[in-house]
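Here, residue 1 is the first one in the sequence, and each next residue gets the next number.
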Amino acid sequence: KVIVPKVKKEFAVVNGRSMRVSLKHAKAIGKYIKRMKIDRAIELLDKVSKKKLAVPFAGELAHRKGKRLDGRGMDTGKYPVKASKEFIKLLKGLKGNCNVNGIELERAVIREVIANKAPNRMHRFGRERFKQTHIMIKAAEMKR
């Protein structure tokens, strides 16, 4: 048997195809967790799903009590519970991909979060449409 040396990759990627998540929520969560460590992002999104922490949203929304990560008061925000649960699943998969690709989890940081509109499926009898989004998350090791 020939033993092939394992090639260490520079980044790990996870793709969520046609996920039942609002595009607006996916973009807001992506902007929120970008440049975070994976475990920290999972921890914060778990708080969002329990409605303990709001995700900052752009646009005209109601103000929220509580603090943001930088210590200032929250401007506008929402609690995208369903979307945060889907993101937690993706981030757990990303952790596994980091292990397989030889990336240290202590130094792995979320580099890109891309949310694109997926083709809409119709509900039964064609009255309404499902919201669907493609989500791609890429993590890489921090520079020293």
When rounded to the nearest 0.5 angstrom, what is the spacing between NZ in Lys47 and CG in Leu53? 6.5 Å
In terms of hydrophobic clustering (I, L, V, M, F, W, Y; side-chain heavy atoms under 4.5 Å; direct or indirect links), are Val13 and Ile103 co-clustered? no
Under a 4.5 Å cut-off applied to non-hydrogen side-chain atoms, are Ile33 and Leu44 in contact? no
Rounded to the nearest 0.5 Å, what separates atom CG in Leu94 from atom CE in Met136? 10.5 Å
Going by the rule side-chain contact (heavy atoms from CB on, under 4.5 Å), which residues pair with Lys85 if we only count those two or more places apart in sequence or in a different chain? Ser49, Val81
Would you call Lys95-Asp39 a salt bridge at under 4.0 Å N-O? yes
Heavy atoms, side chains only, cut-off 4.5 Å: are Val113 and Lys31 in contact? no
Dump the intermediate steps for side-chain contact (heavy atoms from CB on, under 4.5 Å) on Phe130 and Arg20, then the final yes or no. CA-CA 7 Å; Phe130 287 103; Arg20 297 282 303 276; 2.9 Å; yes
With side-chain contact (heavy atoms from CB on, under 4.5 Å) as the criterion, how do Met142 and Lys37 come out once you've worked through the C-alpha distance, each side chain's angles and the decisive distance to 0.1 Å? CA-CA 10 Å; Met142 275 192 302; Lys37 292 189 176 188; 3.9 Å; yes
Using 0.5 Å steps for rounding, measure from the CD1 atom of Ile110 to the CE atom of Met36. 7.5 Å
Are any of the side-chain heavy atoms of His25 and Lys78 separated by less than 4.5 Å? yes
For Ala108 and Cys98, the nearest pair of non-hydrogen atoms, with its separation, is CB-SG, 4.2 Å
In Å and rounded to the nearest 0.5 Å, what is the NZ to OG distance from Lys50 to Ser84? 11.0 Å
Locate the shortest heavy-atom distance separating Ala139 from Ile38; write the atom from each residue and the value. CB-CD1, 4.2 Å
Side-chain donor or acceptor of Asn97 paired with backbone N/O of Ala12 under 3.5 Å: no
Is there a side-chain contact between Phe57 and Pro80 (heavy atoms, below 4.5 Å)? yes
Does the side chain of Leu91 reach to within under 4.5 Å of the side chain of Leu45, using non-hydrogen atoms? yes
Residue pair Phe87 / Val48, side-chain heavy-atom distance below 4.5 Å: no
Do Ile135 and Ile114 have side-chain heavy atoms sitting under 4.5 Å apart? no
How would you list all residue pairs meeting side chain to side chain donor-acceptor pair (under 3.5 Å) that involve residues 120-142, not counting sequence neighbours? Lys8-Glu141, Arg107-Glu141, Glu112-Lys138
Establish whether Met19 and Ile29 are linked, either directly or via other cluster members, by ILVMFWY side-chain heavy-atom contacts under 4.5 Å. yes
For the hydrophobic clusters of this structure (ILVMFWY residues joined by side-chain heavy atoms under 4.5 Å, transitively), does one cluster hold both Leu90 and Tyr32? yes
